[in-house]
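Working notes for the structure below.
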Amino acid sequence: MTARRSTPTATELSRPGRWFALAVLVLAVLLVAVDATVLGLATPFLSEDLKPTGTQLLWIGDVYSFVIAGLLVSMGSLGDRIGRKKLLLTGATAFGLVSVLNAYATSPELMIVARALLGVAGATLMPSTLALIRNIFHDARERSVAIGIWGAAASAGAAVGPVVGGFLLEHFWWGSVFLINLPVMAVLVVVGLKLLPESKNPAPGPWDLASVGLSLIGIIAMVYAIKEGAVHGASWGVGAAAVVGLGALAWFVRRQLTLASPLLDMHLFRNRGFSAAVLADLLTILGLAGLVFFLSQYLQLVQGRRPLEAGLAELPAAIGAVVAGLLAGRAARRFSVRAVVSGGLAAIGAALGAITLVGQNTGYPLLGAILLVVGVGAGLAFTVTADVILSTVPKEQAGSASAVSETAYELGAALGIALLGSIVTGVYRGFPTPEETPGPVADAAHESLGGAVEAASELPAATGAELVAAAQRAFVDGLHTASSIGAVVLVATAVAAWFLLRGQRLEDGAPAAHH
């Protein structure tokens, strides 16, 4: 009944055509996800070239995720209004062009602006992809498989970033991590023009610019406050940013409740399943991103692996995410949504708990197993929650709903690195340096583990080795503390999800009747 519409829809896409269209969408998601982590390994090379200050370096790393997180809801809603295909292809073209600006940036300031613009383009890609899946696949089971493939690409992309980055950096200069976007985006635009159906909300109402501004300011200010607070402790600036962020978000929510055609329909959150799925989404990615980010540093700076080797060592997380993502929909129908989501969250919690057993010389089998379990947990929880979020809303609002799912994803990634990172840094900073270490060297060593390894090279060999060993011990201690806190949070969320997702099912149509 729902299949026949006035616009060309899935029914007119031949069977293989649908899956080709999905391949194009997955390509876009993979690229946005890879771009969030690919820069991690390139940072040392980029620092040498552009000589950014510590703060500028943080902004180069984070501004991309911040801007994406701040704009997703607005872009999802814009896609519902002007057409999701149009927004996706415009965004893809912009993403390709801005990548060139990133690759050839000549100063830290230009690099920060280029990364921010890349975030704006990335924000147009993510919500359109999930909303188009909703419109291309009408059969609920097929849609589950499609969302599984989409979710696998999103969670695997973050884990593949370091591998791609490691390979490129061993063969080319750091700009190559951006130029790789060009051919992918060209394919996306050419194939997308031909294969993707256009879809939008038939009666969208105006796009409220004030709401766009409020959501952007609110999210960026909040994430900034969390990061700065974590790294430098509480201060007036951090407090002010938190107040501005909370104020803007509160105002955003109030405004949405009064607008005739809101950017984000706040009534969606009245649905218990929808709210629980969004929370589970956020914490799943928080656990995955935090873990992958720190293990990248651990493998390189504590265990002394090369960038490509460290990237490959993290592949079990990607493999686990892909396999679990593909099977998640089937598992949720066979057992239950809550069993699969709670199980996935508990698996990530258990893996984080297992990190407390990792020492400086831990063999790879344990590390590989931990990464595999995290990947499987993320694949299960993330895919099924994305499916629940999409199937609890009317089709016209697919863009706004998928934007909520994406915002949870991007915020989870930024917060995973910011929150767990601050705990690691906080514990790390206190380590005692050998007595004969000069003050400036000790200060540099306390900044970061990378700083300690670099600072040690200026010292006599024995003192240098002692300094590095102390720093590595401190980093591992920080890793233990952050992981145990993360483990407690994820296990608690797994328990909450078990109760909140009671009666939630994946089925044809919207399971919104279970209130």
Side-chain angles (χ1 to χ4, degrees), residues 37 39-48 51-58 61-62 162 166 169 227-233 290-307 309-311 313-314 352 354-364 366-367 370 416-486:
T37 52
L39 199 66
L41 294 174
T43 309
F45 303 93
L46 191 140
S47 311
E48 217 170 284
K51 308 209 174 354
T53 63
T55 314
Q56 284 175 329
L57 197 59
L58 273 180
D62 298 325
L169 291 168
K227 281 193 73 74
E228 282 295 297
V231 178
H232 301 298
L291 191 71
V292 167
F293 182 77
F294 292 110
L295 284 182
S296 297
Q297 293 187 21
Y298 167 84
L299 291 165
Q300 287 185 74
L301 298 171
V302 177
Q303 295 205 331
R305 299 172 195 260
R306 303 205 353 256
E309 192 191 347
E314 295 193 334
L352 283 167
I355 292 278
T356 54
L357 308 173
V358 169
Q360 283 164 267
N361 308 317
T362 301
Y364 184 69
L366 176 64
L367 296 172
I370 290 174
I417 294 171
L419 286 176
L420 297 175
S422 355
I423 298 168
V424 173
T425 312
V427 173
Y428 170 82
R429 286 214 154 147
F431 78 89
T433 48
E435 278 170 23
E436 54 277 23
T437 314
V441 177
D443 290 346
H446 281 135
E447 275 298 308
S448 70
L449 181 51
V453 174
E454 213 166 288
S457 60
E458 299 169 22
L459 301 173
T463 316
E466 204 179 319
L467 176 68
V468 170
Q472 289 175 337
R473 274 197 302 277
F475 183 80
V476 173
D477 288 344
L479 202 57
H480 289 170
T481 310
S483 307
S484 14
I485 294 172

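Note that the numbering runs from 1 along the sequence shown for the chain. These numbers come from a predicted model, not from an experiment.
- Shown here for Ala470 and Pro432, the closest heavy-atom pair between the two residues is CB-O, 3.9 Å.
- Considering only heavy atoms from C-beta on, Val358 comes within 4.5 Å of Ile370 through its side chain.
- Taking every heavy atom of both residues into account, Gly359 and Val476 meet most closely at CA-CG1, 4.3 Å.
- Considering only residues two or more places apart in sequence or on other chains, Val427 meets the side chain to side chain contact (heavy atoms under 4.5 Å, CB included) condition with Asp477, Thr481.
- Between Ile355 and Tyr298, every side-chain heavy-atom pair lies at or beyond the 4.5 Å cut-off.
- By the side chain to side chain donor-acceptor pair (under 3.5 Å) test, Glu466 is found to be paired with no residue, residues two or more places apart in sequence or in another chain being considered.
- Closest approach of Leu367 to Gln303, counting heavy atoms only: CD1-OE1, 3.8 Å.
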### Task
Might you work through the side chain to side chain contact (heavy atoms under 4.5 Å, CB included) test for Gln472 and Val468, ending with a clear yes or no?
CA-CA 6 Å; Gln472 289 175 337; Val468 170; 3.7 Å; yes
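- Taking Ser484 as the reference, Thr356 meet the side chain to side chain contact (heavy atoms under 4.5 Å, CB included) condition, with sequence neighbours excluded.
- Taking Ala471 as the reference, Tyr428, Phe431, Leu449, Ala452 meet the side chain to side chain contact (heavy atoms under 4.5 Å, CB included) condition, with sequence neighbours excluded.
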